[in-house]
**Q** 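If you scroll down you'll find the structure; I have some questions about it.
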Amino acid sequence: MKAALYHEGVVNLKQIPVIEMKGINKRFPGVIANDNISFRVYPGEIHALLGENGAGKSTLMSILAGLYRPDSGTIKVQGKVVRFHSPRQALEEGIGMIYQHFRLVNNFTVAENVVLGSGNINWSINHELIEKETQRISQNYGLKINPAARVHQLSLGEQQRVEILKMLYRGCDILIMDEPTTVLTPGEVKELFQVLRMMSRQGKSVVLITHKLNEVMEIADYVTVLRRGRVVGDDRIENLDEGLLTRMMVAREVIHSQARRDKQDGSMILNINNLEVKGDRGNTAVNNVSFDLHQGEILAIAGVAGNGQKELVEALAGLRGVVSGSVKYEGEEIKNHNVKSRIASGINMVPEDRIGMGLVPNLSVIDNSILRSYYKEEFYSGWLLNYKRVRSYTDRIIKEYDVFISDSRHPINYLSGGNLQKLLLGREIDQGPRVLLAAYPVRGLDVAAAEGVYDLLLKERDKGTAILLVLEDLDDIFRIADRVAVMYQGCIRKILDVEKTSIDEIGSIMVGAELTGV
Amino acid sequence: MDITALSALLAATIIAGTPILFAATGELLAERSGILNLGVEGMMLVGAAFGFISTVNTGNHWLGILAALAGGGFIASIHALVTITLRGNQVVSGLALTIFGSGLSGFLGKNYQGAPMPYQFKPLNIPVLGDIPFLGPVFFHHDAMVYLCIIIATAMWYLLYKTMWGLTIRSVGENPQAADAVGINVARVRYFCTIAGGMMAGLGGAYISLVYAPTWQENMTAGRGWIAVALVIFALWNPTRAILGAYLFGGVEALTFRLQTMGINISSFFLAMFPYIVTILVLVLVTIRRRQDAGAPEALGLAYDREER
């Protein structure tokens with residue numbers, strides 16, 4: 001039998017899918033998450049599962065990984081029908097899933113995390129031995145890691161490598177990764193892709209859950225596109241292009257709002273001079289930064305995450321102290337003003353961490369919508385909150401900013417990322433800001449939701465608001481920003497007019513390339 | 001102070017530290033798995049009552065020890081049910097069990113109030129070692145329970161830091177999601193640790209009513225359960241430091257009695273405060289140094305629910 005297979009050759013071997021899901025249905029209260037989905041993965045294949053948020057990608061993969069049980073449908077692994085009741089059973093069949101939020105023990109070493117829960121080491125732990133074993137696997141796949149380091153000392157990219165190592169150590173043949181590049185720097189994305197290619201060469205299959213088209217085009221062999229719980233298309237990558245995939249995902253042309261109008265020079269509203277700000281660990285996070293912000297412009301801050309963008313925005317919003325330098329708002333020094341007085345004078349912020357810092361997860365949509373303005377007289381009858389007025393205010397925000405919810409009394413942690421961001425942006429914009437600071441406003445959002453957010457920002461800009469936007473995606477910067485400031489190691493290396501620069505130029509400044517001719 | 005008085009004081013230190021160490025080792029195990037059990041005082045009292053009553057009625061102090069294990073384990077299993085299966089608030093449940101344990105032990109011991117313990121543990125006669133001057137009386141003239149206690153605490157350290165079980169237990173206390181993702185049964189580990197921890201608290205209680213003050217008095221643990229809770233923090237959740245801490249706190253307790261007879265004028269209230277003051281100091285120092293890997297288990301006090309994100 002073995003010999004026969006051997007003679008039929010690799011091509012024929014490839015005909016047996018390592019995973020075959022057929023007719024998968026899964027309902028949650030009120031939602032059909034998976035509607036009669038069929039899905040196949042072949043050995044050595046890098047398979048992208050593409051779709052917008054809420055398209056059912058994560059549900060489908062959670063079923064495959066044993067976290068959820070399907071209402072109906074069959075799953076075959078290596079041609080054998082399986083039924084998983086827990087992630088452990090899926091792991092035993094060689095299927096491992098890496099979630100967006102890593103499941104690592106921060107206080108353990110890399111090696112301890114790798115061997116945790118696996119039955120194949122001695123009762124009494126020999127640390128040298130498990131570190132050596134970890135080292136061996138990591139070298140096999142080119143995963144650079146120090147097995148004796150503790151996880152809390154590692155960057156997110158390194159932590160992801162530990163997760164991959166965990167799966168490899170358990171002998172996984174099918175690795176499912178949920179939005180793996182969201183937390184990575186561009187360099188780390190490259191390294192991850194190298195590792196995935198190495199795994200694929202060794203016959204392992206990888207399923208990437210993603211909504212980033214450029215990555216799909218770069219790494220995938222095969223693509224399955226989901227929309228509203230159904231498969232809307234699947235094909236080899238050679239037969240596809242970005243336009244086709246976008247249309248499949250959203251079923252409508254995304255109107256790339258090229259709303260860059262003729263440059264009209266607004267007057268300067270914010271003037272930053274030689275600003276220095278400390279980071280959380282007492283390091284100098286923002287160093288000698290100077291720039292102006294004008295009315296009616298979008299100034300984007302580009303840079304690899306962790307180069308001082310967060311600290312800069314927090315300092316401007318009044319959340320972080322300024323060591324030296326000046327922050328002038330319409331000519332007035334405000335560096336010692338507190339958050340509340342900055343808001344009162346028209347400086348609003350949409351923080352990076354929308355559900356921790358921007359909104360309170362367990363409070364209702366109503367309560368969250370007035371967090372910024374709860375003290376205003378219009379919401380009160382005497383000294384009691386007048387919920388009738390608050391509700392009508394909330395309803396207006398919801399309508400105006402297109403937030404999709406079933407009941408505004410429900411806590412906001414049931415909302416999707418896109419709706420959260422629209423609620424948050426709506427709340428801030430409704431204050432009538434003159435300066436809007438927004439950090440990563442489209443992080444984790446799908447194409448359509450990101451479009452909605454950008455539309456809001458562009459409308460606001462056209463009203464004359466000065467917008468400072470921290471973004472990670474260079475394509476997006478070119479779509480909506482007027483000027484771009486590139487940050488590297490706490491300094492603004494260069495401020496460029498978007499129309500007079502290129503992605504390559506910004507990209508090289510971002511990673512610290514020497515500036516010539518400055 | 002002459003040399004005999006000093007060796008007597010040190011020997012008393014070890015005796016006084018033993019019940020605290022039993023309870024603290026148990027609490028440490030539970031907390032390492034993520035379950036904060038503030039019912040230690042209650043579990044000790046129930047252990048003391050069960051141990052005393054069983055020994056008096058059967059005439060065998062080992063049967064008393066078994067009953068104490070069962071008593072402490074019983075109270076802890078209530079805590080486990082409430083906090084692990086029902087995901088109740090750990091602080092509330094623990095405090096309620098302290099009050100419950102004190103009431104239950106008082107009720108059971110009503111007829112034994114003030115009765116002496118006729119069947120006591122005898123000090124072991126360890127040849128050679130026991131004959132060493134000074135060190136002999138300090139370390140080698142104790143009853144079996146003292147040595148059992150040190151063995152258990154040391155074994156606990158080995159278990160937690162050198163074995164696969166320890167890795168599993170600590171992972172559940174640090175990040176139950178990570179443990180669940182690699183197939184560890186979080187609830188089962190927590191049940192085991194909480195109940196085993198309760199049994200050790202019961203053992204600590206029985207040591208008081210059988211050996212340390214061989215009699216029955218209502219509320220005779222007199223706050224040692226709380227000292228054990230403080231000791232776990234003082235030890236930064238490490239069993240070897242808990243051994244040192246238990247004898248330090250035990251020494252203070254032993255000193256309290258002696259100072260009065262020696263006519264030295266330090267308020268006994270001050271000495272009673274001592275363990276808590278040191279614990280707070282240690283916490284302050286650790287927070288200043290910010291050592292990530294030496295602090296409390298990350299998921300301590302938090303219920304685990306797989307569906308919650």
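The chains referred to below are lettered A, B, ... by the order of the sequence lines, with proteins before strands, and numbering in each begins at 1.
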**Q** Using side chain to side chain contact (heavy atoms under 4.5 Å, CB included), reason through A:R170 and B:V182 one step at a time and then give a plain yes or no.
**A** CA-CA 10 Å; A:R170 284 167 174 73; B:V182 293; 3.5 Å; yes
**Q** Could you grab the distance from atom CD of B:E174 to atom CG of A:N107, nearest 0.5 Å is fine?
**A** 4.0 Å
**Q** Quick check for you: among B:A179, B:P297, B:S171, which has the greatest number of heavy-atom pairs under 4.5 Å with chain A?
**A** B:S171
**Q** In terms of heavy-atom pairs under 4.5 Å, which option from A:V115, A:L116, A:N113 contacts chain B the most?
**A** A:L116
**Q** Find out whether B:Q177 and A:H101 are in side-chain contact, i.e. whether some heavy atom of one side chain is under 4.5 Å from a heavy atom of the other.
**A** no
**Q** Decide if atom CH2 of B:W226 counts as having more than 12 heavy atoms of other residues, nucleotides or ligands within a radius under 6.0 Å.
**A** yes
**Q** For B:Y158, is it the side chain, the backbone, both or neither that has a heavy atom under 4.5 Å from a heavy atom of chain A?
**A** side chain
**Q** For atom CD of A:E128, decide whether the heavy atoms of other residues, nucleotides or ligands shown that lie under 6.0 angstrom number more than 12.
**A** no
**Q** If you count the non-hydrogen atoms of other residues, nucleotides and ligands that lie under 6.0 Å from OH in B:Y147, is the total more than 12?
**A** yes
**Q** Looking at every non-hydrogen atom in both residues, tell me the closest pair between B:Y161 and A:H127 and how far apart they are.
**A** O-CE1, 4.0 Å
**Q** Do A:I125 and B:L167 come close enough that some side-chain heavy atom pair is under 4.5 Å?
**A** yes
**Q** Checking the side chain of A:R103 only, and the main-chain atoms of B:A178 only, is there a donor and an acceptor separated by less than 3.5 Å?
**A** no
